[in-house]
Amino acid sequence: MAWALKLPLSDEVIESGLVQDFDASLSGIGQELGAGAYSMSDVLALPIFKQEESSLPSENENKILPFQYVLCTATSPAVKLHEETLTYLNQGQSYEIRMLDNRKLGELPELNGKLVKSIFRVVFHDRRLQYTEHQQLEGWRWNRPGDRILDIDVPMSVGIIDPRANPTQLNTVEFLWDPAKRTSVFIQVHCISTEFTMRKHGGEKGVPFRVQIDTFKENDAGEYTEHLHSASCQIKVFKPKGADRKQKTDREKMEKRTPQEKEKYQPSYETTILTECSPWPEITYVPNAPSPGFNSSHNSFTIGEGNGSPNHQPDPPAPIIDVSAGIPNAQNLLSTSTPQEAQQWLHRNRFAAFSRLFTNFSGADLLKLTRDDVIQICGPADGIRLFNALKGRVVRPRLTIYVCQESQQLREHQQQKHENGEPGNVYHAIYLEELTSLELTEKLAQLFNISPHQINQIYKQGPTGIHVLISDEMIHNFQDESCFVLDTMKAETSDSYHIILK
């Protein structure tokens, strides 16, 4: 205040001195916090901005986010600022997801008074597992028959209409709802994260999943195919009460960290907000295909036609068997099998999870695969099982018969050999795989160096010397390693022959 005792100065000089003193008093503010304390990149990395950045419109387009989905479960406190939130769930426990109408007044008026459809999915977070999702889920189906990955707890849910699920899509459910009314759906996830880890020796980290919601509105044809909004969040699923223990462990670890280390982590939010994402790429709609509904008196799915139960997953449709093959339960893959027959063989032998990988493989292609090839394609467990199934089929033909040719001159010649103590008839082995009369005709023609067209009919000599026409069914009933003597008769109207098995 010493300057106040000086002689009066002009107003301009006084004002200049005040400005300089005020600037000097502000020059040191923030210096005690150190350089970079107010870095804008650090400020934008705070959780409050990170949670909201996905909902901010981009510079090129102004997106309308009509809905918001909130999973009513706390997020993990052990997630760094720049990473996506992670939420822990208990296997089989019901968790609420609130479906909120986020439209502003006048936005999307075509939805007023209308229902929308939401499709829930539990999918893999890791890109590597997304590429093999079909095989992973099919493998889970075989290991957990009768179970689903995702269920809706219908009695606890509010505002959902016509909940449905496809029995072949264990990780997907869908329902209709009115945005103007309160809607909450309770979901149950029945798979755990460690079921999809590569090595299972105990103590390994489980793979993360995503809960994704895709919402659609009705088009002019009455089908819910027009995409409105998609959002998802990252989760991990533990055995019952495991999520609570994991959340507690993370919280205790964070409490032991220094204040400087804590600043690098997000706080634990009471709820999990699903952030906007792209719609799931494999969404397909078949309007005329009915999907099973829910039984409102039970927490899980039932089959709408009454051919299942809440606790029993229906068996996959029986493979189509070629009736002409004769044995509907045949378990053998033939080198002559077509790609379609190879697909049927894969399904019959519990390799349906790999049917897509082997779509264009014939029986010969599959049988040529080495052990290393199969293990690399299918993994160690299923690879060894598939290789053993393929290798087991190569060892022995389905039917072996022995034949020798007989004629009047040959019969007299063999009788003379027999009298001289020499070997009698010499038989040839014929190996049959398809067990059809056509295959037998081709093998006989090849054995005696004639054209298959020269064999008119094949008969078997029956009781009292009658000739019975050989059919596929008769060949199926041949005893393995049977011996036949072939006699030939020239056909009356052509240059072909009739063959008789005696």
Side-chain angles (χ1 to χ4, degrees), residues 318-345 348-349 362-364 367 392-415 417-418 423-502:
I320 300 173
I321 307 298
D322 185 4
V323 178
S324 63
I327 301 180
N329 294 324
Q331 299 294 321
N332 305 312
L333 181 66
L334 312 178
S335 59
T336 56
S337 297
T338 64
Q340 182 181 3
E341 293 169 342
Q343 289 288 307
Q344 295 171 3
W345 182 87
R348 285 196 303 268
N349 291 274
S362 65
L367 292 171
R393 221 0 270 139
V394 180
V395 173
R396 182 180 178 85
R398 295 176 65 186
L399 178 65
T400 302
I401 62 174
Y402 303 106
V403 299
C404 73
Q405 189 175 14
E406 181 186 51
S407 64
Q408 183 64 30
Q409 294 179 350
L410 182 60
R411 189 182 304 114
E412 295 175 355
H413 182 65
Q414 294 295 341
Q415 180 65 25
K417 282 187 174 183
H418 181 68
N425 295 340
V426 177
Y427 287 82
H428 301 273
I430 292 181
Y431 304 105
L432 299 178
E433 293 283 357
E434 299 177 359
L435 303 185
T436 63
S437 58
L438 177 61
E439 182 188 22
L440 178 60
T441 300
E442 293 175 347
K443 292 294 180 68
L444 290 174
Q446 182 180 3
L447 179 62
F448 298 112
N449 295 321
I450 61 175
S451 170
H453 300 289
Q454 292 182 268
I455 300 177
N456 194 336
Q457 297 288 355
I458 303 178
Y459 301 93
K460 185 178 185 300
Q461 184 169 305
T464 67
I466 63 174
H467 293 166
V468 182
L469 182 65
I470 286 186
S471 62
D472 296 346
E473 186 176 2
M474 180 180 290
I475 295 177
H476 286 309
N477 288 279
F478 277 176
Q479 186 176 356
D480 195 26
E481 297 190 344
S482 298
C483 298
F484 297 99
V485 176
L486 304 184
D487 195 5
T488 58
M489 293 191 312
K490 189 173 179 61
E492 298 177 357
T493 58
S494 64
D495 293 336
S496 59
Y497 298 87
H498 299 306
I499 297 180
I500 303 172
L501 303 181
K502 298 181 180 179

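Not measured: the values here are computed from a predicted model.
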Considering all heavy atoms of both residues, which atom of L469 and which atom of M474 are nearest to each other, and what is their separation?
O-CE, 3.8 Å

Rounded to the nearest 0.5 angstrom, the OH-CG distance for Y431 and L399 is 11.5 Å

For T336 and E434, does a side-chain donor sit closer than 3.5 Å to a side-chain acceptor?
yes

The side chain to side chain contact (heavy atoms under 4.5 Å, CB included) partners of S451 (sequence neighbours excluded) come to H453, Q454

Please check: side-chain N/O of N477 versus main-chain N/O of E473, any donor-acceptor pairing under 3.5 Å?
yes

CG on D480 to CG on L432, rounded to 0.5 Å
9.5 Å

Could you tell me whether the side chain of L435 reaches within less than 4.5 Å of the side chain of D472, counting heavy atoms only?
no

Whether Q446 side chain and E442 backbone form a donor-acceptor pair below 3.5 Å
no

Hey, does the side chain of E439 reach the backbone of E433 with a donor-acceptor pair shorter than 3.5 angstrom?
yes

Compare all side-chain heavy atoms of F484 with those of I401 and state whether any distance is below 4.5 angstrom.
yes

Could you tell me which residues satisfy side chain to side chain contact (heavy atoms under 4.5 Å, CB included) with Y402, sequence neighbours excluded, listed by chain and number?
T400, Y427, A429, E481, C483

Between OG of S335 and CG of L367, what distance do you get to the nearest 0.5 Å?
6.5 Å

Any side-chain heavy atom of I450 sitting closer than 4.5 Å to one from L444?
no

Do I466 and Q461 have side-chain heavy atoms sitting under 4.5 Å apart?
no

Run the salt bridge (Lys or Arg N to Asp or Glu O under 4.0 Å) test against K460 and tell me which residues pass, sequence neighbours left out.
none

What heavy-atom pair brings A342 and G363 nearest, and what distance separates the two atoms?
CB-N, 4.3 Å

Hey, does the side chain of S337 reach the backbone of L333 with a donor-acceptor pair shorter than 3.5 angstrom?
no

Is any side-chain heavy atom of I475 closer than 4.5 Å to one of S437?
yes

